[in-house]
Amino acid sequence: MDNFQSILRFLVNQKTTIGYSFMALLTIGGERIFSMVSFQCPCNHDQNFAYGVTFLLGPAAVLLIFGIFSSTRFWRLYTGCCLNPMKLCPRGNCFGCLRVFLSIFTGACVAPIMWLCVALLNGTFYECAVSGLDDSLVVDLFCKNKTLKCREELARVPCDRSKLSSEERMELLLMFRAQSQILGWCIIIIGAFVGLLGTCYKNCRSQVSYLQLKFWKSYIDKEKERFDALAIEYATKLAERNLESFFENKAPDPFPFPNHKAWEEISAYYTFSRSEQYYSTLQRYVEKAENRNLPPEKRPVMDVEHETEMN
């Protein structure tokens, strides 16, 4: 039992690394499926570039949108900002808001960069895109010291329909693949270097020590875990209470719960201040004495008159 708990604790501590590894495996698998099943280079000057670039950048754009869409921090800032624009810049700190958006965008870029790296290292999409370029500099680079037929048949090289000799075709394919892999490794190296610099800068500017920062991250994880569990539990109790009141045709039992202002405060994006040693908006709310005197809501009703409704 102790061994099982040790393994479970290790997996929990390494969940970020495991998550990124799983994302990398999904990216590699998705790229292989695209390459083998759906990708068919048209092999003509008019369509090669657009087709190859679409397969190279299209999934990356979708992954970027999905990464932003699934970001909890993004929705904390965005939800309700049309009615209250100050939610985007709590305490009037616009620079902090831009920094948060940059952090959200950076986190959402992980999956697209993985896709680009895997796709470029494989080289299939790049071969198709580059072979369709009509730019004289590009054509001169690939067909330097070669016959005029190389220029005419360049777009057909990714397919097995080229009139070039097998040696010339293989030479061009190897050149395409080498360039694609060089670009892939450049993105990997630049991404790793930028990530290292960003992490060093963030830790260097941290207002708390390393151990306190580690405790803070542990607290946030546990708070989210317990919040989700208790939210489900209280939602279940409230649903049971309302259903009993409806089917038994009786007045509902008292069920106090946080008012609208309380939900607004704990949903705001948290900004750390050295003058207040709180680790989340929830802790800041519960430890302030004036918040404990706020009257709870009497009934959980969405106010349609003020356009506050849930679909």
Side-chain angles (χ1 to χ4, degrees), residues 20-68 105-106 108-196:
Y20 283 138
S21 301
F22 184 68
M23 188 187 301
L25 290 175
L26 286 180
T27 304
I28 294 172
E31 193 276 337
R32 296 307 300 168
I33 292 174
F34 268 94
S35 299
M36 294 186 296
V37 176
S38 61
F39 184 79
Q40 296 291 333
C41 187
C43 292
N44 64 68
H45 287 289
D46 297 330
Q47 298 180 5
N48 275 21
F49 180 74
Y51 191 81
V53 169
T54 299
F55 271 82
L56 188 62
L57 300 181
V62 173
L63 289 172
L64 177 63
I65 295 172
F66 181 76
I68 296 175
F105 180 78
T106 303
C109 283
V110 174
I113 289 176
M114 283 186 179
W115 168 267
L116 285 176
C117 293
V118 172
L120 288 171
L121 289 176
N122 185 35
T124 305
F125 306 146
Y126 180 86
E127 292 170 5
C128 183
V130 173
S131 64
L133 289 174
D134 289 329
D135 189 88
S136 58
L137 292 176
V138 177
V139 176
D140 290 340
L141 175 64
F142 293 131
C143 295
K144 186 177 181 180
N145 300 326
K146 291 184 172 61
T147 62
L148 183 62
K149 186 183 292 186
C150 173
R151 298 172 178 271
E152 298 173 353
E153 297 294 321
L154 188 62
R156 298 187 180 91
V157 168
C159 306
D160 199 12
R161 304 201 309 262
S162 173
K163 296 178 182 179
L164 297 174
S165 65
S166 59
E167 292 182 359
E168 285 184 306
R169 179 176 176 273
M170 184 56 63
E171 182 181 348
L172 288 171
L173 282 177
L174 291 176
M175 190 182 301
F176 291 154
R177 195 156 300 170
Q179 290 182 350
S180 180
Q181 291 176 348
I182 289 172
L183 283 176
W185 276 110
C186 286
I187 293 176
I188 293 173
I189 294 171
I190 293 173
F193 188 69
V194 171
L196 176 62

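Across the pair C128 and C41, the gap between the SG atoms, which is the quantity tested here, stays under 2.5 Å.
Remark: side-chain polar atoms of W115 are paired, donor with acceptor, to backbone N or O of L56 under 3.5 angstrom. N48 contributes a side-chain N or O that, together with a main-chain N or O of C43, makes up a donor-acceptor pair within less than 3.5 Å.
Under the rule for a disulfide (SG to SG under 2.5 Å), C109 has no partner lying at least two apart in sequence or in another chain. The salt bridge (Lys or Arg N to Asp or Glu O under 4.0 Å) test applied to R169 returns no partner, not counting sequence neighbours.
Taking CG of L116 as the reference point, atom CG of L57 lies at 6.0 Å (rounded to 0.5 Å). Rounding to the nearest 0.5 Å gives a distance of 14.0 Å between CZ of F49 and CG of N44.
A ring-centre distance under 6.0 Å is not found for F125 and Y51.
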N/O donor-acceptor pairs under 3.5 Å from side chains in residues 173-194, not counting sequence neighbours:
unit_1: R177; atom_1: NE; unit_2: E127; atom_2: OE2; d: 2.9
unit_1: R177; atom_1: NH2; unit_2: E127; atom_2: OE2; d: 2.8
unit_1: Q179; atom_1: OE1; unit_2: Y126; atom_2: OH; d: 3.0
unit_1: S180; atom_1: OG; unit_2: L120; atom_2: O; d: 2.4
unit_1: Q181; atom_1: NE2; unit_2: L121; atom_2: O; d: 3.1

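Minimum interatomic distance between P112 and L64 (heavy atoms only, all atoms of both residues): CG-N, 3.4 Å.
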